[in-house]
Amino acid sequence: MTVRTRYAPSPTGALHIGNVRSGLFAYLFARHNRGAFVLRIDDTDRERSTRESLDEILESLRWLGVDWDEGPPDPRYFQSNRFDRYREGARQLLREGKAYRCDCTAADLDGMRKQAEREHRKPGYDGRCRDKRTAAELANTELPDKRAGRDYTIRFRSPREGVTVVDDLIKGRAVFENRELDDLIIFRSDGVPTYNFATVLDDADFGMTHIVRGDDHLPNTPRQIQIFYALGLQPPAYAHLPMVMGPDGQKLSKRHGATSVFAYRDLGYFPEALLNYLVRLGWSHGDQEIFSRAEMIEFFDFAECGKSAGIFNAEKLLWLNFHYMKTLPIERLVGDVKPFIARRGWKIPGDDVWLAKMIATLRERAKTLVELVDFASFYLNDEIAIDPKAAAKFLKPEIGPALAAVAGELDALADSEFAETSIQAAFTRTLDRFGIKLGQLAQPVRVALTGGTVSPGIYEVIAVLGRERSVRRLRNAHELCASAQ
RNA sequence: GGUCCCAUCGUCUAGUGGUUAGGACACCGGCCUCUCACGUCGGGAACGCGGGUUCGACUCCCGCUGGGAUCACCA
């Protein structure tokens, strides 16, 4: 049997990184087994589902490179297009006496819950409508439709005895007492099926062999298994992944700050880094930390998944991003950096070869693309702002002549010679002439060229900046020195 | 509160009865050096507690404690 897994986000918000990790693991398991990865949109909640969320989810997945074999834009993979199927499933259960009509209103239920809480009983539904109707009445029950006056719900008749066993691929065996499971609503009074019911029908219809999801779904699993049985279907295998927590140990959510895939993309992270970080949170392969997509697929296995929740560690993600910053092909960075330059409102250089040289000098100094562009300001703009404190410290009158001399040396270099080795030679000649050490000249030059005291190696800065701009900035600095006191 | 899940450095983790308990992030120090980085070398840092089982437990069992999830006409 070929493996089929699915990822079923609901388009009610941004694609969250804790959530997308479940999708990633489902994806890796399917790819590892040369099976199919299905993307399904759980949009039965029409109130909260939005087109914008759907677009963001799809775009996030594409950006990460988590590609699906079946799913959108195919309309069959939207729950909102499968209502006929859900109605058919509900009618089947009604016909067979495995579901029943419940007349309790939302207010009734709420009152019951509060009452139970006061009396320290468990808050579940007590099943008061369970035996109110005969089999024949149930078989003829129409599905709810508030607008047509059928303001009731349909509940699943859950078994009250015995146990339901979940043999989880990650957690092992969990046994649930059936008497703990109350009769859950499968069809709302507005004629919309609920999650647990629609999911079962979908997973069955789409031939899912393995359900990979967060372990917050574990309590739902015995209910879903019972629905499979009631429908006369064989439940799939389950793999419940431990959750991702925020630094406070609570389930990761928007209140923990940046948590969406888009947020990290916009912060200048690489999809490789995010994927690599996510896959190592809850899964390991010996001591290996860096995984290419191909390696993830090759090595992935539920047996190597941990059982305990993990805390999201932004610093490790940053380190991974830095790793990819240093090792990704430079051409890739050239393409990736452009939107970030544009966002700063700066002109994007037309020369990719030059951009590549620029990036080469900065990639070991920036952990994100945003940071890299920040550092690149002096390369990308003709005018630079000189930090007053740096100027006061390094652009003193006595260094002015040396600055002018270096400018002259550089100006004399032929275009074909304008490279690091000849630039270094120009420095050496100046140093000899003035009898000073490189340390005494490099910082003033650095301030002159970049406006600050921190930059890549001074020869590479000059090489990238080019003769014209370097000379101009050095001469400007020379004047500053002269006027300083 | 009921049910379920979980428990090795601060964090992510390796470890499957006998190890100086390993790696990574972060942190601290040395080296390299034109600044900052990169790189490199080194350092501190963990088996929650109590019972068993065993010649021997981080590893197996039980209890406790602690943490988490979930108990909707959300998904």
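Each chain gets a letter, A, B and so on, in the order the sequences are listed, and its residues count up from 1.
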**Message:** At 4.0 Å (heavy atoms only), tell me whether A:Arg173 reaches a base, stays on the sugar-phosphate, or touches nothing.
**Reply:** sugar-phosphate

**Presence of salt bridge, A:Asp202 and A:Arg6, under 4.0 angstrom** = no

**Complete:** Counting primed atoms, P, OP1 and OP2 as sugar-phosphate and everything else as base, the B/S/- map of nucleotides 68-75 of chain B against protein heavy atoms under 4.0 Å is SSS-SBBB

**Request:** With heavy atoms under 4.0 Å as the rule, sort A:Glu289 into base, sugar-phosphate or nothing.
**Result:** base

**Message:** Between A:Gln226 and A:Phe156, is there a side-chain heavy-atom distance shorter than 4.5 Å?
**Reply:** yes

**Request:** Describe the nucleic acid contact of A:Ser455 in one word from base, sugar-phosphate, nothing, applying a heavy-atom distance below 4.0 Å.
**Result:** base

**Item:** B:C60 to B:G1 separation - P atoms, rounded to the nearest Å
**Value:** 29 Å

**Request:** Just call it for A:Lys122: base, sugar-phosphate, or nothing, with non-hydrogen atoms closer than 4.0 Å on any strand.
**Result:** nothing

**Prompt:** If you measure from the C1' atom in B:C9 to the same atom in B:G23, how many Å do you get, rounded?
**Reply:** 12 Å

**Request:** Assign A:Lys326 to base, sugar-phosphate, or nothing according to its heavy-atom contacts below 4.0 angstrom with the strands shown.
**Result:** sugar-phosphate

**Request:** Provide the Watson-Crick or G-U wobble partner of B:C47, both distances under 3.5 Å; none if there is no partner.
**Result:** none

**Message:** Between the side chains of A:Lys114 and A:Glu117, is the shortest nitrogen-to-carboxylate-oxygen separation below 4.0 Å, so that they form an ion pair?
**Reply:** no

**Asked** Quick check, are the ring centers of A:Phe187 and A:Tyr86 under 6.0 angstrom apart?
**Response** no

**Strand contacts (RNA chain B) in residues 357-372 of chain A, 4.0 angstrom heavy-atom criterion** = A:Glu364, A:Arg365

**Message:** What's A:Leu438 touching, base or sugar-phosphate or nothing? Going by heavy atoms closer than 4.0 Å.
**Reply:** base

**Request:** Decide yes or no on side-chain hydrogen bond (donor to acceptor under 3.5 Å, both in side chains) for A:Asn220 and A:Tyr195, but give the supporting numbers first.
**Result:** CA-CA 10 Å; A:Asn220 284 328; A:Tyr195 165 75; 5.2 Å; no

**Prompt:** Within the structure shown, what part of the strands sits under 4.0 Å from A:Gly282 by heavy-atom distance: base, sugar-phosphate, or nothing?
**Reply:** sugar-phosphate

**Asked** Looking at A:Asp103 and A:Lys132, does any basic side-chain N land under 4.0 Å from a carboxylate oxygen?
**Response** yes

**Asked** Are A:Phe312 and A:Tyr277 close enough that their ring centres sit under 6.0 Å apart?
**Response** yes

**Asked** Are any of A:Ser284's side-chain N or O atoms less than 4.0 Å away from OP1 or OP2 of B:A14?
**Response** yes

**Message:** Using a 4.0 Å heavy-atom cut-off, does A:Tyr277 contact any base of the nucleic acid, only the sugar-phosphate backbone, or nothing at all?
**Reply:** nothing

**Request:** Would you indicate whether A:Arg255, at its atom CZ, is surrounded by more than 12 heavy atoms from other residues, nucleotides or ligands within a distance under 6.0 Å?
**Result:** yes

**Request:** Please state the P separation for the pair B:C12 and B:G50 - nearest whole angstrom.
**Result:** 24 Å

**Taking every non-hydrogen atom, the tightest pair across A:Tyr324 and A:Phe291** = OH-O, 3.3 Å

**Message:** Would you measure the distance from the P atom in B:C64 across to the matching atom in B:G22 and give it in whole Å?
**Reply:** 33 Å

**Message:** If I pick the P atom on B:C58 and the same atom on B:G18, what distance separates them, to the nearest angstrom?
**Reply:** 10 Å

**Prompt:** What is the nucleic acid contact for A:Ile458, judged by heavy atoms within less than 4.0 Å: base, sugar-phosphate only, or nothing?
**Reply:** base

**Prompt:** For atom C1', what is the distance between B:C25 and B:G44, given to the nearest Å?
**Reply:** 16 Å

**Item:** Nearest-Å distance once atom P is located in both B:G42 and B:C36
**Value:** 24 Å

**Request:** In whole angstrom, give me the gap between the P atoms of B:A72 and B:G15.
**Result:** 39 Å

**Item:** Sugar-phosphate, base or nothing in reach of A:Phe322, heavy atoms under 4.0 Å
**Value:** sugar-phosphate

**Request:** Return no unless some side-chain N or O of A:Lys171 is found under 4.0 Å from OP1 or OP2 of B:C5.
**Result:** no

**Message:** Assess, by modelled atom type and distance only, whether the side chains of A:Asp43 and A:Ser80 contain a donor and an acceptor separated by less than 3.5 Å.
**Reply:** yes

